[in-house]
Amino acid sequence: MSVHQNVKKVTTHVLSAMKLKGEKITMLTAYDYSMARILDNAGIEVILVGDSASNVMAGYETTLPVTLNEMINYASAVVRGVKRALVVVDLPFGSYQGNSREALASAIRIMKETGAAAIKVEGGSEISESVTRILSAGIPVMGHLGLTPQSINKFGTYAVRAQDGAEAQKLMEDAVLLEKLGCFAVVLEKIPAALAGEVSGKLKIPAISIGAGRHADGQVLVLHDMLGLNNEFSPRFLRRYLNLYSEITGAVQQYIHDVRTGDFPSEKEQY
Ligand code: KIV
């Protein structure tokens with residue numbers, strides 16, 4: 001029987017075992033109790049409370065504005081909906097880059113106040129001190145390399161990263177460093193598929209792709225994008241499994257019609 005079918009609770013060790021056996025790891029984002037419950041019951045291995053909450057929940061243009069307190073609110077709701085999946089929470093912009101003591105304090109608040117199992121941070125060698133300090137407190141850390149949206153003001157665009165040799169080499173070095181420091185997995189965002197395949201081949205820890213192709217050890221998507229709640233965002237890597245924007249619009253329009261015409265509530269729908 002495969003590893004993922006056998007486990008009652010997904011841990012970081014389960015993800016390592018899945019990589020060893022060549023089983024693909026599934027991961028999606030969630031930001032609230034109800035969605036997290038559905039994802040968990042559907043059998044997803046990892047739920048990421050991503051700082052993409054800043055975009056899809058709060059309506060900001062970038063991931064920068066979301067605060068640690070807001071991430072804690074989203075994450076504690078998610079944890080209440082989850083029995084089996086591993087819940088990972090993004091440390092938001094400004095809560096870990098400047099100083100490793102502050103990074104540890106932020107990570108501890110997440111773990112204490114949400115009940116999540118791990119945190120995720122963006123970057124490689126620049127944040128190695130923060131990663132080391134967080135790990136030293138026994139908090140599992142997931143890395144994130146390639147397109148790191150918290151650095152959008154440095155990059156200037158959301159284009160594919162690590163297309164030239166120097167950036168690809170730095171990414172590989174960062175991935176190796178994160179593994180050496182003790183991270184349990186790394187997200188690779190929007191980099192060439194061949195490079196993601198090389199990183200996955202080099203590392204013992206799982207490399208999870210978002211827009212980094214099929215050779216990685218698993219895949220992650222932003223829930224609102226894959227459910228089609230958001231019509232405007234259509235990158236090449238995104239597969240939409242539903243078009244909830246139009247489904248919900250249709251349902252709401254039907255409701256408006258039914259109320260206005262007196263069709264709702266009917267005799268049966270009242271006391
Ligand atoms: O915040 C997020 O949703 C993420 C994913 C894109 C991996 O970091």
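Just so you know, these numbers come straight off a predicted model, no measurement behind them. Whatever order the structure lists them in is the order used to number ligands and atoms, beginning at 1. Excluded from the calculations below are hydrogen atoms, water molecules and symmetry mates; all remaining heavy atoms, backbone and side chain alike, are included.
Annotation: side-chain hydrogen bond (donor to acceptor under 3.5 Å, both in side chains) contacts involving residues 195-206, sequence neighbours excluded, comprise Ser200-Asp217.
Looking at ligand 1, you won't find any N or O of Glu189 less than 3.5 Å from one of its N or O atoms. Ligand 1 has no nitrogen or oxygen under 3.5 angstrom from a nitrogen or oxygen of Tyr31.
In this structure, Lys19 contributes its side chain and Leu203 its backbone to a donor-acceptor pair below 3.5 Å. In this structure, the side chain of Glu269 engages the main chain of Ser266 through a donor-acceptor pair within 3.5 Å. Between the Thr11 side chain and the Val14 main chain, a donor and an acceptor come within less than 3.5 Å of each other. A donor-acceptor pair under 3.5 Å is formed between the side chain of Ser16 and the backbone N or O of Thr12.
Residue contact check: Val222 has heavy atoms under 4.0 Å from atoms 3 (O) of ligand 1. Of all atoms in ligand 1, listed by their number and element, those nearer than 4.0 Å to a heavy atom of Ile210 are 6 (C). For ligand 1, the atoms sitting less than 4.0 Å from at least one non-hydrogen atom of Thr29 are 3 (O), numbered in the order shown with element in parentheses. Near Gly50, meaning under 4.0 Å from one of its heavy atoms, ligand 1 places the atoms 1 (O), 2 (C), 3 (O). Of all atoms in ligand 1, listed by their number and element, those nearer than 4.0 Å to a heavy atom of Asp90 are 1 (O), 2 (C), 8 (O). For ligand 1, the atoms lying closer than 4.0 Å to a non-hydrogen atom of Ser52 are 1 (O), 2 (C), 3 (O). Counting atoms of ligand 1 from 1 in the listed order, those under 4.0 Å from a heavy atom of Lys120 are 4 (C), 8 (O). Close approach of ligand 1 to His144 is summarised as follows: ligand atoms under 4.0 Å from at least one heavy atom of the residue are 8 (O).
When each of Glu122, Glu102, Gln150 is tested with Gln97 by the rule side-chain hydrogen bond (donor to acceptor under 3.5 Å, both in side chains), just one qualifies, namely Gln150.
Compare Leu188, Thr63, Leu221, Leu48 by their heavy atoms: the one nearest to atom 7 (C) of ligand 1 is in Leu48.
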Donor-acceptor list for residues 221-235 side chains, cut-off 3.5 Å, not counting sequence neighbours:
residue	atom	partner	partner atom	Å
Asn230	OD1	Glu232	N	3.1
Asn230	OD1	Phe233	N	3.4
Ser234	OG	Arg240	NH2	3.4

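The heavy-atom pair separating Lys120 from His144 by the smallest distance is NZ-ND1, 2.6 Å.
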